[in-house]
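Remarks on the structure that follows.
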Number of protein chains: 2
Amino acid sequence: MPTAKFSEIRDIELFEGISEDSFVALMKAAYIQNFPPNVEIITEGETSDFLHVVLTGSVELFANWSNNETTMATVWPVSSFIIAATIRSEPYLMSARTQEKSRIVMVPSADVKDVFEKDAEFAKNVVTELASCYRASIKNAKNLKLRTSKERLANYLLKTQKKSGAGQSFPLKYEKRRLASYLGMTPENLSRAFSALREHGVNVDGQIVHMENPGKLIEFAKPTHLIDE
Amino acid sequence: MPTAKFSEIRDIELFEGISEDSFVALMKAAYIQNFPPNVEIITEGETSDFLHVVLTGSVELFANWSNNETTMATVWPVSSFIIAATIRSEPYLMSARTQEKSRIVMVPSADVKDVFEKDAEFAKNVVTELASCYRASIKNAKNLKLRTSKERLANYLLKTQKKSGAGQSFPLKYEKRRLASYLGMTPENLSRAFSALREHGVNVDGQIVHMENPGKLIEFAKPTHLIDE
DNA sequence: CGGAACGTTGAGTTCGGTCAATGCATGTGG
DNA sequence: CCACATGCATTGACCGAACTCAACGTTCCG
């Protein structure tokens with residue numbers, strides 16, 4: 001079985017430093033699948049048969065309860081998702097759907113667990129990944145419990161601006177309705193929050209955000225590396 | 001160095017199946033400390049010098065931002081806390097204070113990381129622990145984003161009742177103000193939520209909860225193993 | 001061209017927080 | 001043992017944040 005077609009994922013952090021044998025073992029039954037936009041590829045509650053790795057496109061992780069839905073996270077290339085369920089052989093806690101046309105590698109959970117048992121380097125990588133996801137999730141909870149929706153938006157904008165190169169203008173990476181759900185509010189409330197942030201130097205035109213005076217926004221948002229990286 | 005005095009922690013899940021050498025290495029510089037109630041033993045933002053294990057008493061994990069404080073979790077014996085920070089050599093994301101008089105083992109982070117590198121069994125245990133904490137944190141986020149405060153309280157009561165033996169009456173394990181903070185609301189709002197749950201068969205007298213009709217409460221709370229275990 | 005989905009705005013409501021007053025329990029020092 | 005202070009829980013009145021519902025304009029596709 002040629003591992004050539006999996007060369008793109010050889011370099012992700014999760015597989016860094018693992019033996020060639022281990023990589024081959026992981027890929028031997030793995031396959032790449034192309035999904036159209038807006039397709040549900042995982043449903044919460046199902047048992048985890050595969051570890052997924054996004055190669056291109058993007059994937060939204062979301063959750064449902066009693067007629068409510070909320071966006072939990074978005075996965076961008078190249079990274080894996082929902083490894084905790086795989087490792088613990090427990091049901092997925094989140095559903096996943098493609099946001100756009102996406103190529104996704106699916107690695108059978110059994111192979112992941114095998115290699116996890118045999119390759120100490122892989123086990124260490126899994127730990128690093130999990131610890132990082134766990135910390136991100138704690139930060140998320142702090143964000144939700146300690147801040148108002150306006151503050152969450154402000155901090156999200158600062159983070160996004162930084163990631164896109166710290167320029168005055170940058171694009172939102174989400175549809176606004178999804179951003180609202182991710183930030184834990186309704187689309188209507190997001191609209192109003194954007195309006196309210198005008199007094200702190202934020203203007204939005206479609207997907208483009210103009211941030212006149214980051215210093216002013218920072219003063220309002222009070223970002224901290226203990227929540228916002 | 002006698003490991004006898006650490007016998008209590010030899011049996012926790014995190015150390016299950018690890019070699020005697022590894023255990024000795026972990027305990028060689030570890031020490032047990034007695035804390036009075038209400039003492040802050042960890043402050044968020046500090047670097048993680050120790051892995052902590054609660055032997056007796058209980059520890060509250062909490063976080064602060066901009067004059068707000070919120071309870072994130074409570075740790076009961078015998079278990080460790082904040083292992084993610086230790087493994088990643090990053091600052092604590094939460095503070096910790098004793099809720100009552102508590103005995104706590106402190107294991108130097110350097111030793112934890114050494115053993116983690118050398119003992120594959122320990123590494124696996126760390127993974128299991130982290131995956132479990134991560135999943136708990138995801139559930140927490142779903143609980144916060146998908147439910148109202150009344151629903152969170154109702155589900156908390158059902159969970160607590162189950163853990164205390166499924167009897168009609170059981171004690172709250174928290175002070176009410178801490179429970180409120182843990183559930184993401186104010187003490188005043190918790191009081192009102194308790195009143196509101198009377199119509200679903202819940203009555204509170206001090207620390208004792210009487211649940212006349214669990215079925216009725218379940219109907220309202222709609223618990224699910226994807227959030228509530 | 002027409003329909004669907006998205007984003008925005010307004011009006012009204014609900015949920016949850018703030019502030020203040022009170023009662024109760026606990027603990028401390030005289 | 002009492003007097004007092006302190007802190008927690010509850011209640012009421014009020015306020016503010018966020019949600020719901022509805023209407024409307026825009027954009028994007030079929």
Side-chain angles (χ1 to χ4, degrees), chain A residues 36-38 60 65-71 97 99-101 143-157 171-200 202-210 220-221, chain B residues 36-38 60 65-71 97 99-101 143-154 156-157 171-199 202-210 220-221:
Chain A
N38 226 33
E60 179 191 7
W65 180 80
S66 179
N67 292 327
N68 290 324
E69 177 174 317
T70 189
T71 299
R97 74 164 75 92
Q99 253 180 2
E100 16 177 349
K101 197 164 159 298
N143 198 28
L144 287 169
K145 291 182 82 176
L146 293 168
R147 288 174 172 159
T148 64
S149 60
K150 222 178 293 179
E151 289 165 341
R152 292 199 293 276
L153 174 60
N155 280 291
Y156 172 83
L157 292 176
L172 294 172
K173 298 177 307 177
Y174 295 108
E175 235 176 339
K176 285 193 187 140
R177 52 179 35 249
R178 289 193 208 284
L179 177 58
S181 177
Y182 172 67
L183 293 174
M185 52 183 166
T186 57
E188 293 94 325
N189 197 28
L190 178 66
S191 263
R192 291 173 185 125
F194 268 123
S195 307
L197 289 185
R198 254 199 298 267
E199 65 166 304
H200 302 289
V202 174
N203 284 288
V204 204
D205 181 16
Q207 287 288 103
I208 305 298
V209 180
H210 303 279
F220 168 75
Chain B
N38 226 34
E60 179 191 8
W65 180 80
S66 179
N67 291 328
N68 289 324
E69 177 174 318
T70 188
T71 299
R97 74 163 74 92
Q99 255 180 1
E100 15 176 349
K101 198 164 159 299
N143 197 28
L144 286 169
K145 291 182 82 175
L146 294 168
R147 287 175 172 159
T148 65
S149 61
K150 221 178 294 180
E151 290 165 341
R152 292 199 294 276
L153 174 60
Y156 171 82
L157 292 177
L172 294 171
K173 296 178 309 176
Y174 294 108
E175 235 177 336
K176 284 192 187 141
R177 53 178 33 247
R178 291 194 207 284
L179 176 59
S181 178
Y182 171 66
L183 293 174
M185 52 183 165
T186 57
E188 293 95 325
N189 198 26
L190 177 65
S191 263
R192 288 171 186 126
F194 268 123
S195 308
L197 289 186
R198 255 199 297 267
E199 65 167 303
V202 174
N203 283 88
V204 204
D205 180 17
Q207 287 288 103
I208 306 298
V209 179
H210 303 278
F220 168 75

Taken to the nearest whole Å, OH/B:Tyr174 to P/D:dA9 is 14 Å
*asked:* So, does B:Lys150 get its side chain near the phosphate of C:dG16, meaning an N or O under 4.0 Å from OP1 or OP2?
replied: no
- Taking atom OH of B:Tyr156 as the centre, does the number of heavy atoms from other residues, nucleotides or ligands within less than 6.0 Å exceed 12? yes
Rounded to whole Å, the CG-P distance (B:Asp205 to D:dC8) equals 19 Å
B:Gln207 atom CD is separated from D:dC8 atom C1', nearest whole Å, by 11 Å
Item to check | Any donor-acceptor N/O pair, A:Lys145 side chain to B:Tyr182 backbone, under 3.5 Å | outcome: yes
* Asked: Taking only N and O in the side chain of A:Arg177, is any of them less than 4.0 Å away from OP1 or OP2 of C:dA5?
  -> no
note: B:Arg198, atom CZ; D:dT10, atom P; distance rounded to Å ~ 10 Å
Exercise. Record whether the side chain of A:Arg192 comes under 3.5 Å of the base of C:dG7 through a donor-acceptor pair of N or O atoms.
Key: no
Note to self: Would the distance check show the side chain of B:Ser195 and the main-chain N or O of B:Ser191 forming a donor-acceptor pair, the cut-off being under 3.5 Å?
What the structure shows: yes
Please check the phosphate of C:dG17 (OP1 and OP2 only) for any side-chain N or O of B:Thr186 closer than 4.0 Å. yes
Value for CD1 (A:Ile208) from CG (A:Asn203), rounded to nearest 0.5 Å, stands at 13.0 Å
Separation of D:dA17 atom C1' from A:Arg147 atom CZ, nearest Å, is 17 Å
Between CZ of B:Phe194 and P of C:dG16 the distance, given in whole Å, is 15 Å
When rounded to whole Å, the CZ to C1' distance for the pair A:Arg178 and C:dA5 reads 11 Å
Whole-Å distance, A:Glu188 CD to C:dC6 C1', equals 11 Å
5'-most contact on DNA chain D (nearest-nucleotide basis), B:Glu175 vs B:Asn189, goes to B:Glu175
Report task. Ignoring backbone atoms, test whether B:Thr148 places a side-chain nitrogen or oxygen under 4.0 Å from the OP1 or OP2 oxygen of C:dC15. Result -> no
Nearest heavy-atom contact between A:Asn155 and A:Ala221 is ND2-O, 3.0 Å
